[in-house]
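Notes to accompany the following structure.
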Protein chains: 2
Amino acid sequence: MPNNQFKRGELYSVINGMASTAVARRLQKNFRQAGLEITIEQWSVLYHLWKEDCLSQQELCNRTFRDKPSITRLIDNLEKQKLVKRTASKTDRRINLVCLTDAAKELQQLTIDLANQTMNEALVGVLREDIETVKKVFQQVFDNLI
Amino acid sequence: MPNNQFKRGELYSVINGMASTAVARRLQKNFRQAGLEITIEQWSVLYHLWKEDCLSQQELCNRTFRDKPSITRLIDNLEKQKLVKRTASKTDRRINLVCLTDAAKELQQLTIDLANQTMNEALVGVLREDIETVKKVFQQVFDNLI
DNA sequence: GGCATATAGTTAGTTATGCAACTAATTTCA
DNA sequence: TGAAATTAGTTGCATAACTAACTATATGCC
């Protein structure tokens, strides 16, 4: 097997999970140490709702890159924790608009601070221009596969 | 999916693992189209066993970056599919050595070819030097967090 | 209008992950 | 040597993922 293909296989194991898993675990740990009960998956839903409240579940699928059943259950759990509320759309009765509760709005600043702190911990010793390269490569990978 | 884009100036998409998720989904799809029943998580275990057979479960934890219960259950499922076999270590009775079956050995070439093909699909238009930068950054992130 | 098709969301089944608590075997060291 | 600590692996519980199949509503087209 040609040597460069083997290298790409090695990159697969790098891209596929280890670094982002490490970041995600650290963020979850930082949430827990701050006394927050939410999962990072739930947080990623809240994150998009903080940017724009009352999105449909389908729109949350698109923005969080999850499928519909995943969003259904994430919203179920967020509703149990009284962080969001499903509201029927007035113009399309198929659609649930997912809206933040006041309790969720109070989590925004703290959790985003913790996320930024986590990224700072992760990126110690990494050059700013290299971060831009990573973003660029990830965008290209994403565009290639979607 | 118009909103599945990384936003410039933020790395939350890295936390969400969007690029690695996209690669993993594509690899899973390519496995399925080739008639292979294994999951990418199972494949990642086999991958390390092809490099070195008969590793302990703990060693598989270290190499695949998973915790012990995850490996226990991945090995359970791989054993059900007759792709690996647990063997008691002769020198330490706490240890299970996980060894490949002949059926698993036959999967090596095809699945690694599919992984390389998937990486080639993912990396169209990506510069070789940028790949090296990604590897370097990921290694640094990993070292920072572990 | 009415039927075919597409879209929004839910449910069920299997696999995987994280954490905590557990058993069993080994090592440490007083 | 023997009790304490460590290590390897399993089990239980909760959350999350993907696929496929399902209901309900909306749209398109004749």
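Sequence lines set the chain letters: A, B, ... in the order given, protein chains first and strands last, and positions in each chain run from 1.
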In whole Å, I'd like the distance from the [atom1] atom of [X] to the [atom2] atom of [N].
{"X": "B:Ile75", "N": "C:dA16", "atom1": "CD1", "atom2": "P", "value": "10 Å"}
{"X": "B:Glu37", "N": "C:dT15", "atom1": "CD", "atom2": "P", "value": "11 Å"}
{"X": "A:Arg25", "N": "C:dC19", "atom1": "CZ", "atom2": "P", "value": "7 Å"}
{"X": "B:Asp76", "N": "C:dA16", "atom1": "CG", "atom2": "P", "value": "10 Å"}
{"X": "B:Asn77", "N": "C:dT17", "atom1": "CG", "atom2": "C1'", "value": "13 Å"}
{"X": "A:Ile40", "N": "C:dC19", "atom1": "CD1", "atom2": "P", "value": "10 Å"}
{"X": "B:Leu60", "N": "C:dT17", "atom1": "CG", "atom2": "P", "value": "13 Å"}
{"X": "A:Ile71", "N": "C:dA8", "atom1": "CD1", "atom2": "C1'", "value": "13 Å"}

Q) Closer to the 5' end of DNA chain C via nearest nucleotide, is it B:Glu41 or A:Lys29? A)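 Nearest-nucleotide comparison on DNA chain C picks B:Glu41.
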Q. DNA chain C: B:Pro69 or B:Gln81, which has the more 5' nearest nucleotide?
A.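 Mapping each residue to its closest nucleotide by heavy atoms, the 5'-most match is B:Gln81.
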Q. Are any of the side-chain heavy atoms of A:Arg93 and A:Ser89 separated by less than 4.5 Å?
A.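 SC-SC contact between A:Arg93 and A:Ser89 ruled out.
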Q | Heavy-atom side-chain proximity of A:Asn96 to A:Thr87 below 4.5 angstrom | A |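 They are not in side-chain contact.
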Anything under 3.5 Å between a protein N or O and an N or O of nucleotides 1-7 of chain C, put it in a table, one pair a line.
from: C:dT7; atom 1: O2; to: A:Arg94; atom 2: NH1; distance (Å): 2.9

Could you check whether [X] gets within reach of a base, just the sugar-phosphate, or nothing at all, counting any heavy atom under 4.0 Å?
{"X": "B:Asp67", "value": "base"}
{"X": "A:Arg73", "value": "base"}
{"X": "B:Gln42", "value": "sugar-phosphate"}
{"X": "A:Thr72", "value": "base"}

Q. Thinking salt bridges, do A:Arg26 and A:Glu121 make one under a 4.0 Å N-O criterion?
A.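 The answer is yes: the pair qualifies as a salt bridge.
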Q.
Closer than 4.0 angstrom, basic N to acidic O: yes or no for A:Arg86 and A:Asp76?
A.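 A salt bridge links A:Arg86 with A:Asp76.
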[X] [atom1] to [Y] [atom2] distance, which is reported to the nearest 0.5 Å:
{"X": "A:Lys90", "Y": "A:Leu97", "atom1": "NZ", "atom2": "CG", "result": "8.5 Å"}
{"X": "B:Leu114", "Y": "B:Gln28", "atom1": "CG", "atom2": "CD", "result": "11.0 Å"}
{"X": "B:Gln81", "Y": "B:Gln42", "atom1": "CD", "atom2": "CD", "result": "4.5 Å"}

Q. Does any donor atom in the side chain of B:Thr133 or B:Asp130 lie under 3.5 Å from an acceptor atom in the other side chain?
A.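 On atom types as modelled, these side chains do not qualify, holding no pair under 3.5 Å.
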Q. When you match A:Lys80 and B:Arg86 each to their closest nucleotide on DNA chain D, which lands nearer the 5' end?
A.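 It is B:Arg86, whose closest nucleotide lies nearer the 5' terminus.
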Q.
Can you give me the first and the last nucleotide of DNA chain D (5' to 3') that has an atom within less than 4.0 angstrom of a non-hydrogen atom in chain B?
A.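 From 5' to 3', the first and last contacting nucleotides are D:dT7 to D:dT19.
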(Q) For B:Tyr47, does the six-membered ring have the charged nitrogen or CZ of B:Arg63 within the cation-pi criterion, i.e. under 6.0 angstrom from the centroid and within 45° of the normal? (A)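 No, B:Arg63 and B:Tyr47 do not form such a contact.
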Q) Is it true that B:Phe138 and A:Phe138 have ring centroids separated by less than 6.0 Å? A)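 Yes, the ring centres sit under 6.0 Å apart.
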Q) C:dA8, C:dT26, C:dG18: which one has an atom nearest the side-chain heavy atoms of B:Asp92? A)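 My answer, after comparing the listed nucleotides, is C:dT26.
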Q.
Using OP1 and OP2 only, check whether a side-chain N or O of B:Thr39 sits under 4.0 Å from C:dA16.
A.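 Indeed, a polar side-chain atom of B:Thr39 lies that close.
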